[in-house]
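The structure under discussion appears below in the form of structure tokens.
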Amino acid sequence: MSENLIGYLDDQGNIIDTQSAGENCHAAPIAFDNSEKSLEIIRHSTAHLMAQAIKALYPDAQFFVGPVVDEGFYYDFRVNEKIGEEDLKTIEKKMKELIKKKYKIEKYEISKEEALKKFAHDDLKLAVLSRIPDETVSIYKQGEFEDLCRGPHVPALRFLHNFKLTRVAGAYLGGDEHAEMLTRIYGIAFADKESLKAYLKMMEEAKKRDHRKIGTEMELFMFNEESGAGLPFWMPKGAKLRYKLEQILHKAHLTRGYEPVRGPEILKADMWRTSGHYACYGENMYLTEIDGQEYGIKPMNCIGHIQIFKQTQKSYRDLPLRYYEYGVVHRHEKSGVLHGLLRVREFTQDDAHIFCAPEQIASEVLEVVEFVDAVMKLFGFDYTMEISTKPDKAIGDDAVWETATQGLKDALKGNDLPYTIDEGGGAFYGPKIDIKITDAIGRKWQCGTIQVDFNLPERFEVEYVAEDNSRKQPVMIHRAILGSFERFIGILTEHYAGEFPFFIAPIQVIFVPISENHAGYAQALKKKLLAEGIDSEVYDRNDSLNKRIRTAEKQRVPYVVIVGEEEVENHTVAIRNRRTREQYNLTQDEFMVELTKQLQEGKI
RNA sequence: GCCCAUAUGGCUCAGGGGUAGAGCACUUCCUUGGUAAGGAAGAGGUCGUGAGUUCAAGUCUCACUAUGGGCUCCA
């Protein structure tokens, strides 16, 4: 057996570890390196090593499951003591001690019946056993430590050196929030030290891009303990950025035949009863009472748009009718899930509802998908699409759901757009396509969404006059491109690390006059830019020139422009490149042309 | 909501049972400078809130509030 061999890969892509393979295995060998399969084995064994260390330090510890996940591994366990970040180092130290004992990792099999006897005193292992259908189970053993495990594992502990325990967390047994909470420790492992170092460095870099950090630094947005959790404040710079995004998107909507509308912020509870929100979404809604009547603050904008549609009689000639609104909504998110701008309790959706005939669904959905793609391309986002099907809590009958779901699939399939399926992940009123974007550290967030809805039109008796003068019910397509300005700007901030493209940058130009004699020239230029809708600032405070240039450079603005004697005289500007620290001169006219050209790049 | 952790001037953070510290930012003055920190002086905090332990609490304990890492990933 080669020194480097840690397992085999069979024809079906299953990993067979050396303990299971026997002497004459002909499957493809897996070498000890950073390949996907190799890491899977290494990380799984590291999870076991961690469990062994935990058992040594906390003899009363009981273990549940310890799988390999996208980003490393974890182990869930129960222990009487509290385990905090500090304890991770102690556990790591113990793991290193155990490695020195040079244990082999051995495997043996027993019947399920024997296993039930063996683990009779360990309710967590019994819980694991109850989920295994097989009649024979395997046990892996290293030194004194034994664990019920499917494998695969490395042959011996000597393969495990380059790991790091990254965080301690709580996790519900089996993911059920009504079940007991276990302690979970996450870790990461690689075949070599360099890869581990590179990974840790990458995570550190990612943290520097965190929108909460940059948002505070750049004074984009804030939260306030006295005002309440999950309620963002937009500071002047953040508001400017947001306003520019709103404007770009506003024009894009008009171009695509949408009409702006607005509904009220609160509506009578009966409206929400009719819509089904009261029953299906009530726990997320804020309710209040006015003059003895119950009202609900809107968590979605659909109801308002429906009322507007119904206000006047509609003909088939009016369809598809596209209403859009930057709708402020409130949702009672659980306190523990709030996360910077990415999950808040008040946010503004770029929401639209398309009322159309059933035969128009496919083309409308496709148009929305193209709209999404244009926006994502503008900002250089990679995104994934996911079709979500009927959830447990839902209204409407199965046949209707089936038709709508198929409609979404057809729209994507027909145009070769890749998607995944999230079974049971749909909204309570219909299936949907979700558009997901990844944040700085690889977490995926749902942004845009396209939802087909046969239910609300029926509940609110929405109708239009068809060609044959009969009354027909339109289909509603709920859709958002950004999802919400809050979340989208949060991700945008991480994506650009605060260096926003010109067309949305809160401050687009900073002028640094060399002396106060040149401040007037800078102010005049600022005014000129403002007339074109470009935001600039003049740094003419009582600081040294070097200081002011340094301060300007640190603002992450697209243009830092120096103006002095020479520029005033020649009606020019000196533009400084932040990265190369080089500068070039333009006439005022050339400068204006360049800036307006850059503004145009934000057109979609 | 649950588990673990954190909370010190506007920001970033140090300190730690005996009457609050730094850097940046801010204010005033000097300096008017051609490309990443000129100089001086000054103001600003009942150490998240409320209880408790103690002769004494930012420091220890508890509760609350807020923030952070998690809570599908099935031996």
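What you are looking at is a predicted structure, and each value in this text was computed from that prediction instead of being measured. Both backbone and side-chain heavy atoms feed into the values below; hydrogens, waters and symmetry mates do not. Proteins get letters first, then strands, A, B, ... in listed order; numbering begins at 1 in each.
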*Close residues, residues 173-186 of chain A, relative to RNA chain B [heavy-atom separation under 4.0 Å]*: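 Hits under 4.0 Å, by residue number: Gly175(A), Met181(A), Arg184(A), Tyr186(A).
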*Can you list, by residue number, the residues of residues 39-64 of chain A that have a non-hydrogen atom closer than 4.0 angstrom to RNA chain B?*
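Per residue number, the list is empty: none.
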Check the distance between [N]'s [atom2] and [X]'s [atom1] and give it to me in whole angstrom.
X	N	atom1	atom2	answer
Met203(A)	rG69(B)	CE	P	11 Å
Phe223(A)	rU67(B)	CZ	C1'	10 Å
Asn80(A)	rC3(B)	CG	P	15 Å
Gln555(A)	rA36(B)	CD	P	16 Å
Glu226(A)	rC64(B)	CD	P	18 Å

*Is NZ or CZ of Arg184(A) both nearer than 6.0 Å to the six-membered ring centre of Tyr74(A) and within 45° of the ring axis?*
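The answer is yes, since Arg184(A) meets both limits relative to Tyr74(A).
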Using Watson-Crick or G-U wobble geometry with both distances under 3.5 Å, which nucleotide pairs with [N]?
N	answer
rA25(B)	none
rU53(B)	none
rU35(B)	none
rC64(B)	rG48(B)
rC74(B)	none

*Hey, which sits more toward the 5' end of RNA chain B by its nearest nucleotide, Glu553(A) or Arg541(A)?*
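By nearest-heavy-atom nucleotide position, the 5'-most residue is Arg541(A).
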Got a salt bridge between [X] and [Y], using NZ or NE/NH1/NH2 to carboxylate O under 4.0 Å?
X	Y	result
Lys208(A)	Glu205(A)	yes
Asp147(A)	Lys125(A)	yes
Glu180(A)	Arg78(A)	yes

_Would the distance check show the side chain of Glu594(A) and the main-chain N or O of Phe591(A) forming a donor-acceptor pair, the cut-off being under 3.5 Å?_
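Absent.
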_Distance below 4.0 Å between Arg548(A) side-chain N/O and rU35(B) OP1 or OP2_ =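 It does not, given that no N or O in the side chain of Arg548(A) lies less than 4.0 Å from OP1 or OP2 of rU35(B).
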*asked:* When you measure from the side-chain N and O atoms of Lys547(A) to the phosphate of rU32(B), is any distance below 4.0 Å, counting only OP1 and OP2?
replied: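 For Lys547(A), the contact criterion (side-chain N or O under 4.0 Å from OP1 or OP2 of rU32(B)) is not met.
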Please state whether the base of [N] and the side chain of [X] form at least one donor-acceptor pair under 3.5 Å?
X	N	value
Arg576(A)	rA36(B)	yes
Glu567(A)	rG34(B)	yes
Arg581(A)	rU35(B)	no

*Can you tell me if Asp17(A) and Ser20(A) form a side-chain donor-acceptor pair at under 3.5 Å?*
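There is such a pair (donor and acceptor under 3.5 Å, judged by atom type) between the side chains of Asp17(A) and Ser20(A).
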*Leu342(A) versus His211(A): any side-chain heavy-atom pair under 4.5 Å?*
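A side-chain contact exists here, since the closest heavy-atom pair is under 4.5 Å.
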*Please examine the side chains of Ile421(A) and Lys409(A), heavy atoms only from C-beta on, and report whether any two atoms are closer than 4.5 Å.*
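With C-beta onward as the side chain, the pair touches.
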*From the options Ile16(A), Thr18(A), Ile41(A), select the one residue that forms a side chain to side chain contact (heavy atoms under 4.5 Å, CB included) with Pro152(A).*
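Of all the options given, the one that passes is Ile41(A).
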*For Asp543(A), report the nucleic acid contact type (base, sugar-phosphate, nothing); a contact means any heavy atom under 4.0 Å.*
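Counting heavy atoms under 4.0 Å across all strands, the contact made by Asp543(A) includes a base.
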_Glu113(A) atom CD, neighbour heavy-atom count above 12 within 6.0 Å_ =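 Open.
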